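As the structure is a computational prediction, the values presented were derived from the model and not from experiment.
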Amino acid sequence: MLDIKDIRLNTEEYKRRLGTRGVKPEEIDELVAEDKKRRELLVETENLKKERNEVSEAIAQAKRNKEDASEQIQAMRKVGTKIKELDEKLAKVEENVKSMAAHLPNLPNPTIPVGPDEDSNVELYKVGTPRKFDFEPKAHWDIGEDLGILDFDRAAKVSGARFVFYKGLGAKLERAVYNFMLDEHAKEGYTEVIPPYIVKSKSMYGTGQFPKFKDQVYQVNGEDMTLIPTAEVPLTNYYREEVIPTEDLPVYFTALSPSFRSEAGSAGRDTRGLIRMHQFNKVEMVKYTKPEDSYNELEKMTKNAGNIMEKLGLPYHVITLSTGDMGFSAAMTHDLEVWMPAQDTYREISSCSNCEDFQARRARIQYRDENGKLQYVHTLNGSGLAVGRTVAAILENYQNEDGSVTIPEALRPYMQGLEVIKKENNNI
């Protein structure tokens with residue numbers, strides 16, 4: 001959530017910068033006007049309450065002096081009725097202000113590229129060289145189905161489209177990938193967490209998924225329970241409504257979790273394979289930092305995600321997202337995209353974002369600065385990595401002409417030394 005006081009003081013600046021994220025100027029004007037109404041009502045009610053307190057004291061004094069206070073009592077009844085009406089009106093206006101503010105995205109960092117969509121993203125650097133095949137590389141879904149390690153058809157029968165069964169060495173490869181990721185992040189100082197996979201609406205609000213993106217998640221009917229779209233939600237809400245001891249900052253968390261997404265609006269996109277699923281595993285990284293440290297921590301987090309791909313031998317590049325392509329809660333985002341030979345392009349495998357104090361304001365997560373004053377922390381999150389997409393990248397980049405897949409050396413200790421996945425050894 002943005003600071004309403006700052007919006008009030010710098011209205012034109014917010015219009016300009018949020019305009020690069022698709023926010024219309026009148027949305028800011030409406031919020032400022034509603035906030036002005038809120039402050040006016042607040043002053044009016046406080047003045048009436050002050051008057052009521054003063055007159056109540058005078059009435060008490062008159063009664064002690066055995067004087068007639070009936071007119072004052074009658075007047076105060078009218079004041080009490082007016083206060084009740086104003087309090088009800090104030091509550092509605094405050095709710096309007098909160099709702100309007102909650103639908104505004106984070107203020108973009110002024111250094112990121114300005115543009116309406118992904119075409120305005122800027123590449124920062126490339127790592128690794130895409131492999132040149134002396135045969136036509138197959139798509140990962142064909143490789144997985146031919147090896148008998150991925151079964152999309154039976155998953156569709158059981159659950160519907162955008163689900164998969166991992167089988168045999170496919171399941172073992174998935175498990176090897178996320179165990180490797182967690183071990184690597186532990187070396188970088190992240191504390192491993194197994195979080196809840198169902199959260200309350202207040203937690204979804206804290207990270208910015210609610211109220212704007214309710215159509216993109218799965219909820220339990222009749223209960224305040226939502227299946228997490230990412231472990232970012234429980235990890236970022238771990239310190240909700242708390243003051244983190246300053247000496248504990250920065251805090252690093254990592255977690256493996258399933259992620260559940262309705263993929264609303266994605267009809268016709270990535271209908272085959274592991275790229276866009278309703279349920280998938282993801283290793284998440286979350287940081288809580290002091291404001292002055294957060295952008296250094298973003299670069300470190302991006303390197304942590306890149307480290308996984310480098311050790312797996314997967315070519316990738318890093319891009320900075322434009323204002324129009326960035327997520328709702330982010331102030332700056334670096335996307336890491338892995339090379340997918342069958343598509344002859346890079347595809348997103350991780351997003352690392354600095355949300356500055358946007359989520360901390362919504363979730364009320366603070367620390368005390370050197371003067372003992374309460375300040376909001378900055379929160380960061382990043383995929384480290386999306387596990388299914390990593391498996392897809394391994395299958396495509398390490399495929400062999402005979403249909404087998406070589407296992408990256410870094411994963412072999414997690415697969416009992418196995419070097420190649422072949423159809424005939426899939427039951428091992």
Side-chain angles (χ1 to χ4, degrees), residues 1-12 14-15 18 23-104 199-212 214 219 222-226 237 239-243 357-366 368 372-376:
M1 172 133 355
L2 299 171
D3 183 352
I4 186 65
K5 181 180 178 181
D6 198 44
I7 294 175
R8 199 163 61 232
L9 295 173
N10 301 285
T11 304
E12 294 306 314
Y14 275 81
K15 285 183 185 179
L18 288 180
V23 177
K24 297 177 181 178
E26 52 265 32
E27 293 181 64
I28 306 298
D29 288 334
E30 289 169 5
L31 172 60
V32 171
E34 196 73 0
D35 181 61
K36 181 180 179 183
K37 188 189 301 183
R38 178 191 67 82
R39 289 181 292 119
E40 289 172 347
L41 284 169
L42 195 57
V43 169
E44 190 175 356
T45 56
E46 287 176 348
N47 287 339
L48 283 175
K49 288 173 183 178
K50 181 182 178 182
E51 179 186 349
R52 182 176 61 182
N53 291 339
E54 291 172 350
V55 175
S56 295
E57 179 59 34
I59 291 171
Q61 185 61 44
K63 286 183 177 180
R64 286 194 292 272
N65 295 337
K66 297 183 179 180
E67 297 172 354
D68 182 16
S70 57
E71 288 187 12
Q72 291 168 303
I73 292 172
Q74 185 62 28
M76 281 305 97
R77 284 175 180 162
K78 292 181 180 179
V79 170
T81 300
K82 180 65 173 175
I83 289 172
K84 183 179 179 182
E85 291 173 355
L86 288 174
D87 280 343
E88 290 174 353
K89 187 182 291 187
L90 178 61
K92 290 180 181 178
V93 171
E94 285 180 335
E95 186 59 35
N96 287 343
V97 170
K98 182 179 179 181
S99 176
M100 293 164 73
H103 282 79
L104 291 177
V199 296
K200 296 180 178 180
S201 295
K202 200 168 186 179
S203 297
M204 295 291 284
Y205 176 86
T207 47
Q209 278 82 9
F210 282 5
K212 193 167 184 177
K214 277 193 174 183
Q219 294 185 276
E223 297 192 50
D224 183 17
M225 304 176 77
T226 300
N237 280 276
Y239 286 113
R240 194 181 72 221
E241 297 166 7
E242 292 188 35
V243 177
D357 64 3
F358 186 82
Q359 293 177 325
R361 286 181 181 278
R362 297 170 78 102
R364 292 171 53 207
I365 308 168
Q366 298 173 296
R368 292 191 183 277
K373 185 178 179 181
L374 285 173
Q375 304 286 357
Y376 290 105

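Put simply, the side chain of Lys82 reaches to within 4.5 Å of the side chain of Glu44, judged on heavy atoms. Contact of the Thr226 side chain with the Phe210 side chain is registered, since non-hydrogen atoms from C-beta on lie closer than 4.5 Å. For the pair Asp6/Leu2, no side-chain contact is recorded, criterion being any heavy-atom separation below 4.5 Å from C-beta on. Proximity of Met204 to Lys214: side-chain heavy atoms (C-beta onward) are nowhere separated by under 4.5 Å. Side chains of Met100 and Glu30 form a contact here, defined as non-hydrogen atoms less than 4.5 Å apart. Using a 4.5 Å heavy-atom threshold, the side chains of Glu94 and Glu34 count as separate. Glu88 has its side chain within reach of Lys84: a pair of non-hydrogen atoms, C-beta onward, lies under 4.5 Å apart. Side-chain contact between Lys36 and Val32: absent, with no pair of heavy atoms (C-beta onward) separated by less than 4.5 Å.
To the nearest 0.5 Å, the span separating CZ on Arg361 from CG on Asp3 amounts to 4.0 Å. A distance of 13.5 Å separates CZ of Arg8 from CD1 of Ile28, quoted to the nearest 0.5 Å. Distance NZ/Lys37 to CG/Leu42: 14.5 Å, rounded to 0.5 Å. Note that CD of Glu51 and OG of Ser56 are 10.0 Å apart. Values are rounded to the nearest 0.5 Å. Here the CG-CG distance, from Asn96 to Leu31, works out to 10.5 Å after rounding to the nearest 0.5 Å. Note that OG1 of Thr45 and CG of Leu41 are 7.0 Å apart. Values are rounded to the nearest 0.5 Å.
Looking at Ser203, its side chain never comes within 3.5 Å of a backbone N or O of Val199 through a donor-acceptor pair. For Thr11 (side chain) and Ile7 (main-chain N/O), a donor-acceptor pair under 3.5 Å exists by modelled atom type. Side chain of Asp224 to main chain of Ser201: a donor-acceptor pair is present (N/O by atom type, distance under 3.5 Å, no hydrogens or angles).
Nearest heavy atom pair, residue Asn237 against residue Gly206, reads OD1-CA, 4.2 Å. Contact between Ala101 and Met1 at its shortest, heavy atoms only, is CB-SD, 3.7 Å.
In summary, Lys15 and Asp29 engage in a salt bridge, as defined by a charged side-chain N under 4.0 Å from a carboxylate O. In summary, Lys24 and Glu27 do not engage in a salt bridge, as defined by a charged side-chain N under 4.0 Å from a carboxylate O. Between Asp35 and Arg38, at least one side-chain N (NZ, or NE/NH1/NH2) sits under 4.0 Å from a carboxylate O, which counts as a salt bridge.
Using modelled atom types, one finds no donor on one side chain facing an acceptor on the other under 3.5 Å when comparing Arg362 with Gln359.
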- prompt: Can Asp87 and Lys49 be said to form a salt bridge (Lys or Arg N to Asp or Glu O under 4.0 Å), step by step?
  reply: CA-CA 11 Å; Asp87 280 343; Lys49 288 173 183 178; 3.4 Å; yes
Task: Working for salt bridge (Lys or Arg N to Asp or Glu O under 4.0 Å), residues Lys202 and Glu241 - done: CA-CA 11 Å; Lys202 200 168 186 179; Glu241 297 166 7; 2.8 Å; yes
Give the intermediate values and the outcome of side chain to side chain contact (heavy atoms under 4.5 Å, CB included) for residues Ile365 and Glu242. CA-CA 5 Å; Ile365 308 168; Glu242 292 188 35; 5.9 Å; no
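With a 6.0 Å radius and a threshold of 12 heavy atoms from other residues, nucleotides or ligands, Arg64 has its CZ atom above the threshold. For Lys212, the NZ atom sits in a packed shell: over 12 heavy atoms of surrounding residues, nucleotides or ligands are nearer than 6.0 Å.
The cationic group of Lys98 lies under 6.0 Å from the six-membered ring centre of Tyr205 and within 45° of the ring axis, placing it in a cation-pi geometry.
With sequence neighbours excluded, the residues satisfying ring-ring contact (aromatic ring centres under 6.0 Å, His included) with Phe358 are Phe328. Scanning for ring-ring contact (aromatic ring centres under 6.0 Å, His included) contacts around Tyr239 gives Tyr288, with sequence neighbours left out.
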